[in-house]
Amino acid sequence: MKLGSVVLATAGKEKGGLYIVVKSDQKYVYLADGKRLSAFRPKKKSLKHVKIFELNGLTESEVLDSNERVNAKLRKYLKNKRSAYVKGRCN
């Protein structure tokens, strides 16, 4: 899975939430939302418990940025995605 992709959690405490992939390996992705799950302490989640929402989300440089503003970027980006998702479901 590509870094910066937006995924929908399908199981666990995060079920139904949108998250950004900040790291990935063969079996797992590491998710952040900028609030509870910061980019510096992401949630490890199995690939079978996430569904791709948008493949071309943030760029890798935006996700891997080492300053504290990266969490603000994640929150802002996900806020826009959530509102577009809700509007699309309501119409």
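Quantities reported herein were computed from a predicted structural model and do not represent experimental measurements.
From His49, atom NE2 reaches atom OH of Tyr28 across 10.0 Å, with rounding to the nearest 0.5 Å. Atom NZ of Lys43 is separated from atom NZ of Lys13 by 8.0 Å, given to the nearest 0.5 angstrom. To the nearest 0.5 Å, atoms CG (Leu8) and NZ (Lys51) are separated by 6.0 Å. Going from atom OG of Ser5 over to atom CD1 of Ile20 covers 8.5 Å, rounded to the nearest 0.5 Å. To the nearest 0.5 Å, atom CG of residue Leu31 and atom CG of residue Leu18 are 10.5 Å apart. Note that OG1 of Thr10 is 8.0 Å distant from NZ of Lys15, once rounded to the nearest 0.5 Å.
Scanning both residues, Ser24 and Tyr30, for their nearest heavy atoms gives N-CD1, 4.3 Å. Of all heavy-atom pairs spanning Arg75 and Gly34, the tightest one is NH1-O, 2.8 Å. Between Val22 and Pro42 the shortest heavy-atom distance is CG2-CB, 3.6 Å. The two residues Asp25 and Leu47 have their closest heavy-atom pair at O-CD1, 4.4 Å.
Under the side chain to side chain contact (heavy atoms under 4.5 Å, CB included) test applied with Lys45, the options Val7, Leu37, Val50 reduce to a single match, Val50. The side chain to side chain contact (heavy atoms under 4.5 Å, CB included) test with Ser38 is passed by exactly one of Arg36, Lys35, Arg41: Arg41.
Within a 6.0 Å radius of NZ in Lys73, more than 12 heavy atoms belonging to other residues, nucleotides or ligands are found.
Between the side chain of Asn71 and the main chain of Ala39, a donor-acceptor pair closer than 3.5 Å is present.
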